[in-house]
Each structure stands twice: as structure tokens, then as C-alpha cells.
Amino acid sequence: MQKITIKELVAFRRKADRSKKNFAFKLKTREAKVKTEADAEGGGDYWVTSTSCIYNVFKHKDTELYNAKIDELRAKLENAEDKRTKAMYQRNMDILTSFKDFEFDDVKPSGKLIFQKVPKVYKIHTLDGFPLFVNPSLMFSYDKNGKNELGAVWLIPQLDGFRKYELGMFSEMLYRFLQKNYADDYQISQDHCIAIDTFNAQAVTYTDLLKGDVPHLIDSTLKEIREL
């Protein structure tokens with residue numbers, strides 16, 4: 001079975017009942033992709049400019065990176081001719097402009113962070129027979145009251161963004177991912193297991209799910225897909 005992204009689970013939930021069956025069949029029956037040389041040379045990530053800048057602001061605590069990247073994108077926009085390319089530059093600029101007001105201090109731990117690499121083999125999290133793709137943007141450990149705690153941020157770009165309960169699906173899977181792969185060595189942070197909708201500059205933590213502010217939807221969504 002080909003890996004299933006959390007965006008696809010969100011897309012499934014958004015579909016009308018009459019369309020869900022076909023979409024569920026597609027998810028359950030498509031074969032895993034075999035990468036070709038052409039795939040390796042693909043067109044790249046539409047949102048990579050804004051996502052990588054936000055990543056660097058979080059990591060280096062330097063909000064001036066926003067202005068530098070916006071200026072760079074503005075120059076590219078002025079020299080671009082293709083309408084789609086112009087739209088891409090403008091949308092990435094819009095995201096970075098809105099992120100200037102996003103307070104990372106509200107969601108990141110205090111103190112020194114040690115950033116960790118995520119092995120590719122961990123990114124497929126099999127749940128109820130479904131190979132779900134979990135792709136944290138940043139994972140970090142830090143000391144909290146003498147304990148080695150682990151948190152992560154998942155930056156998720158999408159045109160028009162997500163509703164908060166949809167964003168909660170990413171946070172839920174991120175927490176499950178951390179528990180499965182790292183709980184033997186770290187205390188997994190619920191407060192700092194964070195999914196961020198970059199289009200709307202909003203965040204959901206796993207704590208939001210535990211408090212009931214955002215529902216748990218992963219298991220019920222997979223159950224619905226399996227039964228259709």
C-alpha cells in the first residue's frame with residue numbers, strides 16, 4: 001500500500017458521503033510508488049521558501065530572516081513572467097508577512113534546545129494497517145526539571161489552510177510518532193508537540209487535544225476508510 005499523508009485523511013473527511021467510498025478505495029488499493037530518476041528531478045515544493053524560512057526563524061531565533069526572505073521573493077516576483085510563478089512568490093510572501101506576528105515563544109520550550117534528525121525509516125507510522133506518513137519539520141530535546149524531554153514542530157503549508165480540528169490530526173499523529181519511536185529515551189512533551197498551519201499562522205498542540213479543545217479524529221477516520 002502506498003503511504004498515506006495526513007493531508008489525505010483531511011481531504012477524505014472533507015468529501016461528501018457519496019465521494020468518500022471512491023476515495024477510500026483509492027487509498028486502500030494503490031500500490032507503493034517506485035521512485036524513478038524523473039521523480040528525483042521533480043519540480044520541488046511550492047511552499048519551500050516560506051516553510052524553510054519559518055524553520056530557520058524557529059531554530060535561530062532571528063525574526064529578521066522574515067524581512068530578508070520577503071525582499072528576496074519580492075525581487076523574484078518583479079522579474080517573473082509566468083503567472084503561476086508570480087502567484088507562488090506572492091503566496092509565500094503573504095505567509096511570511098503573516099508570520100511576523102506569530103509568537104514562537106508561546107509554543108517553544110525555554111532554555112537550550114538540542115535539535116535532532118529524524119530517520120526516514122521512522123516517518124512511516126503504521127496504524128490499523130495503514131502506512132501513515134509523519135514528517136516533523138523540527139525535533140528537539142531539552143532539559144526540564146532534570147528530565148530529558150522531547151518535542152517537535154510540524155509546519156504544514158496548504159492553500160487556504162486548515163480548520164483547527166483538522167490541524168489537530170497532524171498534532172495527534174506527531175505525538176503518536178514521538179511516543180512510538182522515542183518514549184524509551186525521552187519524556188515526550190504534550191505542550192511542545194506542535195502542528196502549525198503556515199497559511200493561517202495558527203498552531204495546535206497535543207495538549208489542546210487532551211483538554212478537549214480539539215477532538216481526536218485519527219482512529220475514527222481510519223475506521224471509516226476501512227469500512228467503506
Side-chain angles (χ1 to χ4, degrees), residues 6-7 44-80 85-118 134-145 148-164 166-175 177-178 186 188-209 211 213-214:
I6 309 307
K7 282 187 178 182
D45 182 354
Y46 187 91
W47 304 105
V48 67
T49 309
S50 57
T51 303
S52 61
C53 182
I54 294 166
Y55 170 104
N56 285 321
V57 170
F58 183 98
K59 191 170 184 179
H60 301 293
K61 302 180 181 179
D62 184 3
T63 56
E64 284 302 313
L65 294 171
Y66 290 135
N67 292 327
K69 188 58 66 176
I70 289 169
D71 289 343
E72 179 186 318
L73 285 168
R74 186 176 292 112
K76 289 182 177 181
L77 176 62
E78 290 171 355
N79 293 319
T85 302
K86 283 178 173 287
M88 177 181 68
Y89 291 145
Q90 185 61 58
R91 287 167 177 164
N92 277 273
M93 285 171 59
D94 292 343
I95 282 175
L96 294 178
T97 300
S98 70
F99 251 87
K100 286 183 178 184
D101 296 325
F102 187 90
E103 292 290 346
F104 273 121
D105 288 344
D106 292 342
V107 295
K108 71 186 296 186
S110 58
K112 182 181 178 181
L113 303 184
I114 300 172
F115 292 94
Q116 313 276 0
K117 289 186 177 180
V118 181
V134 182
N135 190 27
S137 305
L138 286 157
M139 189 171 70
F140 43 85
S141 60
Y142 52 95
D143 180 80
K144 183 177 181 181
N145 300 324
N148 204 12
E149 195 156 287
L150 188 73
V153 171
W154 193 349
L155 302 171
I156 311 123
Q158 178 165 287
L159 188 62
D160 297 328
F162 300 93
R163 300 170 182 89
K164 275 218 163 185
E166 294 172 337
L167 195 57
M169 296 173 72
F170 293 89
S171 183
E172 180 178 355
M173 279 310 305
L174 184 56
Y175 186 77
F177 162 87
L178 295 175
Y186 297 94
I188 307 303
S189 172
Q190 297 166 351
D191 292 334
H192 301 118
C193 177
I194 311 153
I196 298 178
D197 168 5
T198 64
F199 190 88
N200 292 316
Q202 65 173 343
V204 169
T205 70
Y206 191 68
T207 298
D208 293 324
L209 280 80
K211 292 192 302 184
D213 297 337
V214 178

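These numbers come from a predicted model, not from an experiment.
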Original post:
Ala80 and Thr85: which non-hydrogen atoms are nearest, and at how many Å?
Top reply: CB-CG2, 4.2 Å
Subject >> Reported OG-to-CZ distance for the pair Ser189 and Phe140, which is rounded to 0.5 angstrom >> reply: 7.5 Å
**OP:** Grab the two heavy atoms, one from Lys112 and one from Tyr142, that are nearest each other, plus how far apart they are.
**Re:** O-CB, 3.5 Å
Original post:
Is a side-chain N or O of Thr63 found less than 3.5 angstrom from the main chain of Lys100, in a donor-acceptor match?
Top reply: no
Original post:
So, for Ile196 and Ala203, which heavy atoms are closest and what is the spacing to 0.1 Å?
Top reply: CG1-CB, 3.9 Å
Subject >> Partner of Phe162 under ring pair (Phe, Tyr, Trp, His ring centres under 6.0 Å), chosen from Phe199, Trp154, Phe170 >> reply: Phe170
Subject >> Verdict with reasoning, Tyr46 to Arg91, per side chain to side chain contact (heavy atoms under 4.5 Å, CB included) >> reply: CA-CA 10 Å; Tyr46 187 91; Arg91 287 167 177 164; 2.9 Å; yes
Subject >> Sub-4.5 Å side-chain heavy-atom contact between Asp105 and Lys108 >> reply: yes
Subject >> Any pair counted as salt bridge (charged side-chain N to carboxylate O under 4.0 Å, His left out), so long as it reaches residues 47-69, sequence neighbours left out >> reply: Lys69-Glu72
Subject >> Thr51: side chain to side chain donor-acceptor pair (under 3.5 Å) partners, not counting sequence neighbours >> reply: none
**OP:** Check the pair Leu155 / Trp47 against side chain to side chain contact (heavy atoms under 4.5 Å, CB included), numbers first and verdict last.
**Re:** CA-CA 11 Å; Leu155 302 171; Trp47 304 105; over 6 Å; no
Subject >> Interatomic spacing from OG1 in Thr198 to CG in Leu96 - rounded to 0.5 Å >> reply: 9.0 Å
Original post:
So, do Leu178 and Tyr186 sit near enough that their side-chain heavy atoms are less than 4.5 Å apart?
Top reply: no
Original post:
When you look at Val204 and Leu209, which way does the side chain to side chain contact (heavy atoms under 4.5 Å, CB included) test go after all the steps?
Top reply: CA-CA 8 Å; Val204 169; Leu209 280 80; 3.9 Å; yes
Original post:
Is a side-chain N or O of Gln190 found less than 3.5 angstrom from the main chain of Tyr175, in a donor-acceptor match?
Top reply: no
**OP:** Take Ile156 and Lys7 through the test side chain to side chain contact (heavy atoms under 4.5 Å, CB included) and record every step on the way to the result.
**Re:** CA-CA 9 Å; Ile156 311 123; Lys7 282 187 178 182; 3.7 Å; yes
Original post:
What distance separates Leu150 CG from Ile188 CD1, expressed to the nearest 0.5 Å?
Top reply: 4.5 Å
**OP:** Applying side chain to side chain donor-acceptor pair (under 3.5 Å), name anything that partners Asp71, two or more places apart in sequence or on another chain.
**Re:** Arg74
**OP:** With rounding to the nearest 0.5 Å, note down the distance linking NE2 in His192 to NZ in Lys144.
**Re:** 6.5 Å
Original post:
Just how far is it from atom SG of Cys53 to atom CE of Met93, taken to the nearest 0.5 Å?
Top reply: 12.0 Å
Subject >> Point-to-point distance, once rounded to the nearest 0.5 Å, from OG1 of Thr49 to CE of Met88 >> reply: 6.5 Å
Original post:
Can you name the residues that form a side chain to side chain donor-acceptor pair (under 3.5 Å) with Ser50, not counting sequence neighbours?
Top reply: Asn92
Original post:
Do the side-chain N and O atoms of Thr207 and Asp191 include a donor-acceptor pair separated by under 3.5 angstrom?
Top reply: yes
**OP:** Describe, in one word, how the ring planes of Tyr66 and Phe99 are oriented to each other, choosing from parallel (under 30°), tilted (30 to 60°) and perpendicular (over 60°).
**Re:** tilted
Original post:
Listed by chain and number, what are the side chain to side chain donor-acceptor pair (under 3.5 Å) partners of Asn200, not counting sequence neighbours?
Top reply: Asp197
Original post:
Taking only residues two or more places apart in sequence, or in another chain, which ones meet Ile114 in a side-chain contact (heavy atoms from CB on, under 4.5 Å)?
Top reply: Gln116, Ser141
**OP:** Describe, in one word, how the ring planes of Phe104 and Phe102 are oriented to each other, choosing from parallel (under 30°), tilted (30 to 60°) and perpendicular (over 60°).
**Re:** perpendicular
Original post:
Does the side chain of Phe58 reach to within under 4.5 Å of the side chain of Leu113, using non-hydrogen atoms?
Top reply: yes
**OP:** Please report the closest heavy-atom contact between Ser171 and Cys193, naming both atoms and the distance.
**Re:** OG-O, 3.3 Å
Original post:
Closest approach of Leu174 and Ile194, non-hydrogen atoms and distance?
Top reply: CD2-O, 3.6 Å
